[in-house]
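In what follows, every heavy atom counts, from backbone to side chain, and hydrogens, waters and symmetry copies are set aside.
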Amino acid sequence: SGMPGNLAKGNAWIAAVHPKDRKWLMDLWQHESSQHHSSVTEYRFLHPDGRIVWVLGQATPEFNEHDKLVGYVGTITDITEQKTTEELIRRSEEKYRYLFLNNPQIMWICERETLQFLEVNKSAIQRYGFSREEFLDMTILEIHTPGNVKKLKKISADDFLISKRQ
């Protein structure tokens, strides 16, 4: 957080939390601590130098010998790199999905063993006239002529993970 330990005691640590995370995090913390529960939460700190740092905050209640709550022991782990990687993966998947769904070539993805459709693009929907939901209830064998079905059954499953009509 960039906040010295002596300033982070009590609820003073909330000042270092990103403004967009403060309310929900404080609400969660008040709920968890009122129940004497442990807490594990991902949130952002706004570092004094302006950087946003993602953290995994963990807090565990500490009880005395009379089972009275005396405080919480907590750790903060910097997970910024993990969150950055997750965002890069999310963006990459979004781009792939866009390219797949909007490709003018008819494309689909099938399950390896059953040849069940897992996803189809807009071009396949337009060409065959089935809705996406109808496609997902079918196998690739159901959209081919009997002669093509024999050929398809001979093709190895690995060759059929991603297929397109030529």
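Between Tyr72 atom OH and Ser38 atom OG the span is 7.5 Å, to the nearest 0.5 Å. Between the CD atom of Glu42 and the CH2 atom of Trp54 there is a distance of 7.0 Å, given to the nearest 0.5 Å. Put simply, OH on Tyr128 and CE on Met138 are 9.5 Å apart, with the number rounded to the nearest 0.5 Å. In this structure, CG in Leu136 is found 7.5 Å from CD in Gln116, a value given to the nearest 0.5 Å. Rounded to the nearest 0.5 Å, atoms CD (Glu62) and NE2 (His36) are 13.0 Å apart. Atom CD of residue Gln126 and atom CG of residue Asn121 lie 8.5 Å apart, to the nearest 0.5 angstrom.
Put simply, Leu101 and Leu99 are part of two different groups of oily side chains (I, L, V, M, F, W, Y) that touch within less than 4.5 Å, one to the next. Hydrophobic clustering of Ile, Leu, Val, Met, Phe, Trp and Tyr side chains at less than 4.5 Å, counting indirect connections, unites Leu28 with Leu69. Note on Trp24: it does not cluster hydrophobically with Ile79, by side-chain heavy-atom contacts below 4.5 Å among ILVMFWY residues.
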### Task
Go through Val120 and Ile125 one step at a time and tell me if the side-chain contact (heavy atoms from CB on, under 4.5 Å) criterion holds.
CA-CA 7 Å; Val120 295; Ile125 291 168; 3.8 Å; yes
### Message
Leu56 vs Thr41, test: side-chain contact (heavy atoms from CB on, under 4.5 Å). Steps then yes/no.
### Response
CA-CA 6 Å; Leu56 174 65; Thr41 311; over 6 Å; no
### Task
Could you go through the salt bridge (Lys or Arg N to Asp or Glu O under 4.0 Å) check for Glu87 and Lys83 one step at a time?
CA-CA 6 Å; Glu87 179 62 17; Lys83 286 297 198 176; over 6 Å; no
### Message
Working note: Ile140 + Phe117, criterion side-chain contact (heavy atoms from CB on, under 4.5 Å); need CA distance, chi angles, decisive distance, verdict.
### Response
CA-CA 7 Å; Ile140 195 167; Phe117 286 109; 4.0 Å; yes
### Message
For a ring-ring contact (aromatic ring centres under 6.0 Å, His included) check, start with the C-alpha distance between Tyr43 and Trp29, then their side-chain angles and the critical distance, and finish with the verdict.
### Response
CA-CA 12 Å; Tyr43 53 95; Trp29 174 245; over 10 Å; no
### Task
For the pair Glu119 and Met107, evaluate side-chain contact (heavy atoms from CB on, under 4.5 Å) and give the outcome as yes or no after the intermediate values.
CA-CA 9 Å; Glu119 191 59 84; Met107 298 175 72; over 6 Å; no
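Side chain to side chain, His66 and Asn64 fail the donor-acceptor criterion of an N or O pair below 3.5 Å. Between Thr114 and Glu111, the side chains place a donor N or O and an acceptor N or O closer than 3.5 Å (distance only, hydrogens not considered).
Among all heavy-atom pairs drawn from Ser123 and Gln105, the shortest one is CB-O, 3.8 Å. For the residue pair Arg22 and Ile14, the shortest heavy atom distance occurs at NE-O, 3.3 Å.
Under a cut-off of 6.0 angstrom, the local environment of CD in Gln35 is crowded, with over 12 non-hydrogen atoms contributed by other residues, nucleotides or ligands.
Aromatic rings from Trp108 and Phe100 are positioned such that their centres are separated by 6.0 Å or more.
Of the possible donor and acceptor atoms, one in the side chain of Asn102 sits under 3.5 Å from a partner among the backbone N and O of Tyr98. Ser34 contributes a side-chain N or O that, together with a main-chain N or O of Gln30, makes up a donor-acceptor pair within less than 3.5 Å. Judged by distance alone, with hydrogens and angles left aside, the side-chain atoms of Asp78 form no donor-acceptor pair with the main-chain N or O of Val55 at under 3.5 Å.
With respect to the salt-bridge test (charged N to carboxylate O, under 4.0 angstrom), the residues Glu94 and Arg90 qualify.
Between Asp21 and Phe45, the closest side-chain pair of non-hydrogen atoms is not below 4.5 Å. Thr139 is listed as a side-chain neighbour of Glu142, based on a closest heavy-atom distance under 4.5 Å.
Residues forming a side-chain contact (heavy atoms from CB on, under 4.5 Å) with Pro104 (at least two apart in sequence, or on another chain): none.
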